[in-house]
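Chain letters run A, B, ... following the sequence lines, proteins first, then strands; residues in each count from 1. Bear in mind that the values here come from a model prediction, so they are computed numbers and not experimental data.
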Amino acid sequence: MPLPEPPPAGAPMLPAATFAGSAVMVTGGGTGLGRAIAVEFARAGAAVGIVSRSAEHRRTGVEAVRAAGGNAAEAEADVRDAAQVADAFDALESALGPVRLLVNNAAANFPVAAEDLSPNGWRAVTQIVLDGTFFCAQELCRRARAAGDGGAVVNVLATQAFTGGPGMAHTAAAKAGVDNLTKTLAVEWAPYGVRVNALAPGLFVHDEMRAELTALRTEGAGVDARRQPAGRLGRLHELGWAATWLCSPYAAFVTGHTLVVDGGNWLRRHFVMPEFVPVREQIAEALRPPAER
Amino acid sequence: MPSPEMTAAAEVLAQAIPAVLAAPVADQRATWEALAGPVPGDVSVTATDVAGLPAEVVRAPGAAEDAVVVHLHGGGYVIGSPRSHRLLAARLSAASGATVVVPEYRLAPEDPFPAAVEDARAVVEAVVAEVGPARVAVSGDSAGGGLAVAVLAAWPAGRSGPAAALCFSPWADLSATGVLGDGGADPGERGEVVLSREWLAACARSYLGAHDAADPLASPVHARLGGLPPLLVQVGTTELLLGDARRLVAAARAAGAEAELVEVAGAVHLWMLLVPEAPESASAYERAGAFLRARLGAAAVP
């Protein structure tokens, strides 16, 4: 028997007005996990600001929040640029009021053998994940302090942050940096009432992932409940619940923590070692044209 | 600076494409079909035939039925089909407010030059006869871009032809592919990750056999381009075909045609099909759509 299913999406996890009068900024909030988290904030009463470089993604994020009954606004920003981050805060605060909650979800990713990774590929991923997370968190803290408010930040990680990520050197290194940053900021900012936590999702399937399941993309490969100790995949609202709880007053004494929501997958070890397959060979197999499979 | 989506896709394509292009032609065709990706559910795709050729008619919601873009797919005259290019056709229809017709023109090596030209010309003529030349544009990507210009350049003098020409990453010179033509030397490696000189040369051999690669119907940079309708060419700066695009636009302008070239920094060959999620792709379709709407008078899509 697999791990049981959670209560259905839409069921209240926090009291409906938990975030009444609060605004949350979700980077990369237009698609995938970010959008799912944005929707749960809306259900718990927060106004939601969607930040993305893409107008189309901002539109889908805002529509999802409004469909869940929430108040939404959008701002265009490339989180790699601190000035654009500040402008996004300005835009969202003028639409929604003070932004004291933040979900650092924006990321980029692709499989590559480390020796093949180009400088541009390395920088694109590490700057979005590590620089972007820091710039957004720093901007929130500065504003909260200046206003004498507290706040809460959730950084979205991956469990590769703890284990290393063969075939994903850029993401794994950047997320490990964010894991460490989470701990530092938690201590530095506790005196200001600003909490900083992290969330490490396991395997969650979302629409965009399916759309990318074309012949030459490996994203989503191995999306199979039988490969999970839990016997099932994560449900998107479960992740949203974890993020909202971490930002809520019910987690008021929780800071510097990384919460793993993956059905135990990252802890698995084999009693009998499976055959080792070098990363180059794994990638070659994953990228092999379908006609040859 | 290219978007992270473009950068990431370039890295993945660089790893994946060599095996694709090294495969036998039948497998390459199958791979490109599988690459098609999903078309938005509100876009209608209807199989039909035009001028005796199989074709797909692709129409986004609200697109005009009597404003038509004939899109000639790419694939080196050897691979590709209406199926492999459905996503491009769907987004082009949405952006332009026109119906997009994608014919299944005959491919080499089974049907070498000039089969593709004959088929493309027949389809364009049939569509022009149906809705009138002022409501027809011809577009094409890669080999299809060269084919589009070749057909338009050879349009009979004195007969009204299509109102606009649109090329994405055109392969316009089978006799000197990859030459920039600005007096500089062969540019060599620009970061091309999709095409290779070897693959293009194999396609050219397959398509042309012993026929002269400088024939204007195969290499429209050598055609008389003065009679072309307004031309928009979009190309990525990493592309081996950057020179083909530049020389095509320069030749069209020198002949007195109206021609615009848009070079997209860091974009890979056929980015609007291969990296549809990149903001560079959204811009490419927006530019193409605005260009076509202005010339076809199609209604803006809400």
Side-chain angles (χ1 to χ4, degrees), chain A residues 28 30-32 52-57 59 76 78-81 106-113 115-129 132 167 170-171 207-219 279-280 282-293, chain B residues 1-41 79 84 86-87 91 94-95 189 191 193-194 238 265-266 268 270 273-283 285-286:
Chain A
T31 55
S52 171
R53 286 169 297 117
S54 157
E56 172 65 15
H57 291 173
R59 186 181 64 74
E76 178 180 1
D78 185 332
V79 297
R80 294 173 291 182
D81 180 343
N109 211 349
F110 54 90
V112 61
E115 67 273 22
D116 291 344
L117 181 54
S118 73
N120 280 342
W122 169 264
R123 280 191 290 261
V125 172
T126 58
Q127 289 178 354
I128 290 174
V129 172
H170 41 15
T171 294
D207 294 344
E208 288 74 19
M209 193 189 250
R210 289 194 192 285
E212 286 166 12
L213 279 173
T214 54
L216 299 179
R217 308 297 181 88
T218 57
E219 188 160 343
V279 157
R280 286 198 82 81
Q282 292 182 45
I283 291 175
E285 173 63 22
L287 295 178
R288 208 142 55 88
E292 292 177 19
R293 277 176 210 155
Chain B
M1 189 168 70
S3 69
E5 289 88 346
M6 187 69 73
T7 302
E11 303 264 343
V12 174
L13 290 166
Q15 299 174 79
I17 289 279
V20 174
L21 298 189
V25 166
D27 287 352
Q28 292 186 42
R29 289 177 181 167
T31 297
W32 283 93
E33 303 262 313
L35 194 113
V39 168
I79 64 174
S84 64
R86 244 180 226 163
L87 174 73
R91 290 192 59 177
E189 187 61 47
V193 292
V194 178
T238 71
V268 302
L270 282 193
L273 176 62
L274 296 174
V275 200
E277 70 277 19
E280 289 91 340
S281 294
S283 314
Y285 288 114
E286 277 165 25

As an exercise, state the distance from OG1 of A:Thr31 to CD of B:Glu277, rounded to the nearest 0.5 Å.
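Separation between the atoms: 10.5 Å.
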For the side chain of B:Glu11 and the backbone of A:Pro111, is there at least one donor-acceptor N/O pair under 3.5 Å apart?
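Checking the backbone N and O of A:Pro111 against the side chain of B:Glu11, no donor-acceptor pair under 3.5 Å is found.
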Out of A:Ala55, A:Ala113, A:Gly121, which one racks up the most heavy-atom pairs below 4.5 Å with chain B?
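Maximum pair count with chain B is reached by A:Gly121.
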Can you give the donor-acceptor pairs under 3.5 Å from side chains of residues 16-26 of chain B to other protein atoms, not counting sequence neighbours?
none

Please flag which part of A:Ser54 lies under 4.5 Å from any non-hydrogen atom of chain B: side chain, backbone, both or neither.
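Contact with chain B involves no heavy atom of A:Ser54 at all.
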Is chain B contacted by the side chain of A:Arg53, its backbone, both, or neither, given a heavy-atom distance below 4.5 Å?
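Interface part for A:Arg53: side chain.
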